[in-house]
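To keep things clear, I will list the structure first and then write my remarks on it.
Remember, it's a predicted structure, so these values are computed and weren't measured experimentally. Basis for what follows: all heavy atoms, side chains included, without hydrogens, waters or symmetry-related copies.
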Amino acid sequence: MSEQYFPSYTVKAQAHDSIIAPDERLAMGQTALMGLQHVVAMFGATVLAPLLMGFDPNVAILMSGIGTLLFYVMTRGRVPSYLGSSFAFIGGVIAVSGYAGSGANANIGVALGAIIVCGLVYFLIGLLVQFVGTNWIETLMPPVVTGAVVAVIGLNLAGVAVLGAKGNNANAWYMLMTVLVIALTAVMGTGLMRRLLILVGVILATVLYAVLTNGLGWVVGGEDGALPGAFRKVPHAASLAWPHFSSQRITTP
């Protein structure tokens, strides 16, 4: 009998604190909750990266969806993963384009060619892994290296969160309380709740927001009650819209 193109996963029982193998899955209810948390976590990261580089977030979401579908088909469904924005590009794009940090990046075309080349390099590395294997990657980039790189990226972006929570106002206090709720869920939660710490934290933080604003009358966003930052555009945004693609024509004298 030929092997199925898409695998048939085995339901994992008593999976609160155990490891889920690639050919296993949680029960349907737990899978739905984990998927919802993944949407919350990854969508925010996918949108944040283009905002920090001055891209149109709609372009990142579209390319992320296309890349994820292609990845899922090419791996025959055996590596269920989501391809989102890469934070590794942020420092380089800002450096070469001179992006000021707000609004559209007028010089984003300067970095587009390098981004395309990076995609080509990723593709070639994928072909190499397909035929050679992954031992050379594990030798060149052991966990101490990859972990340090991820830590450096996180530390570089920590300033964004600090600036967002800076000041003695309702926004700052609400952001700090949101982080505290998620941290307490991670430390005090047990079983499935600990695995769903982001989802639980977001839900509790939303309830807290409702209590502080609708219950106690706190103003979040500004003295006039306006939504903070870029969220002011959300009520006026179109439900369906095409992404704004960028291009750069290189001319020689």
Side-chain angles (χ1 to χ4, degrees), residues 38-39 41-75 79-143 145-161 163-164 229-230 233 237-238 240-253:
H38 204 57
V39 170
M42 294 305 299
F43 183 81
T46 302
V47 172
L48 177 60
L51 287 177
L52 295 177
M53 293 183 287
F55 273 105
D56 180 4
N58 286 332
V59 175
I61 295 173
L62 175 63
M63 294 297 105
S64 176
I66 294 175
T68 300
L69 292 176
L70 289 175
F71 179 83
Y72 192 74
V73 171
M74 291 180 178
T75 59
V79 188
S81 183
Y82 170 79
L83 276 64
S85 301
S86 175
F87 280 58
F89 287 85
I90 295 175
V93 171
I94 292 177
V96 300
S97 64
Y99 183 53
S102 61
N105 190 340
N107 298 321
I108 195 64
V110 177
L112 293 181
I115 294 174
I116 294 174
V117 171
C118 286
L120 178 60
V121 171
Y122 285 165
F123 174 74
L124 295 177
I125 292 176
L127 289 179
L128 184 61
V129 170
Q130 180 71 25
F131 293 104
V132 178
T134 61
N135 290 334
W136 63 278
I137 297 180
E138 297 172 357
T139 301
L140 292 176
M141 294 182 290
V145 175
T146 56
V149 171
V150 173
V152 169
I153 294 175
L155 291 174
N156 286 334
L157 295 175
V160 177
L163 290 176
K233 301 178 181 179
L240 296 174
W242 286 104
H244 299 287
F245 293 98
S246 301
S247 62
Q248 180 71 27
R249 177 179 297 178
I250 300 176
T251 59
T252 57

Quick check: do Leu48 and Ser85 have side-chain heavy atoms less than 4.5 Å from each other? no

Mind checking the CG-CG spacing from Leu112 to Asn107? Nearest 0.5 Å is all I need. 11.0 Å

Once rounded to the nearest 0.5 Å, what's the spacing between atom CE of Met53 and atom CD1 of Ile115? 6.5 Å

If you look at every heavy atom in Thr46 and Pro50, which pair is closest and at what distance? O-CD, 2.7 Å

Check against side-chain contact (heavy atoms from CB on, under 4.5 Å), Leu52 and Phe89: CA-CA 10 Å; Leu52 295 177; Phe89 287 85; over 6 Å; no

Atom pair CG/CE of Leu70 and Met74 - distance to nearest 0.5 Å: 5.0 Å

Minimum heavy-atom distance Leu127-Phe131, with the two atoms named: O-CD1, 3.0 Å

With side chains defined as the heavy atoms from C-beta onward, is the minimum distance between Val121 and Cys118 less than 4.5 Å? no

Under 4.5 Å between any side-chain heavy atoms of Asp56 and Phe245, yes or no? no

Flag the pair Val93 / Ile108 as yes when at least one side-chain heavy-atom distance between them is below 4.5 Å, and no otherwise. yes

Examine distances only and state if a side-chain atom of Asn58 and a backbone atom of Pro243 form a donor-acceptor pair shorter than 3.5 Å. no

Least distance between heavy atoms, Ser64 atom then Tyr82 atom: OG-OH, 2.8 Å

Does any non-hydrogen side-chain atom of Tyr72 lie less than 4.5 Å from one of Leu83? no

Atom CD1 of Ile90 and atom CZ of Phe55: how far apart are they, to the nearest 0.5 Å? 10.5 Å

Which atoms form the tightest heavy-atom contact between Phe71 and Ser81, and what is the distance? CE2-CB, 3.7 Å

Correct closest heavy-atom pair for Ser97 and Asn105 would be OG-ND2, 3.0 Å

Ignoring hydrogens, what is the shortest heavy-atom contact between Val110 and Val96? Give both atom names and the distance. CG1-O, 4.0 Å

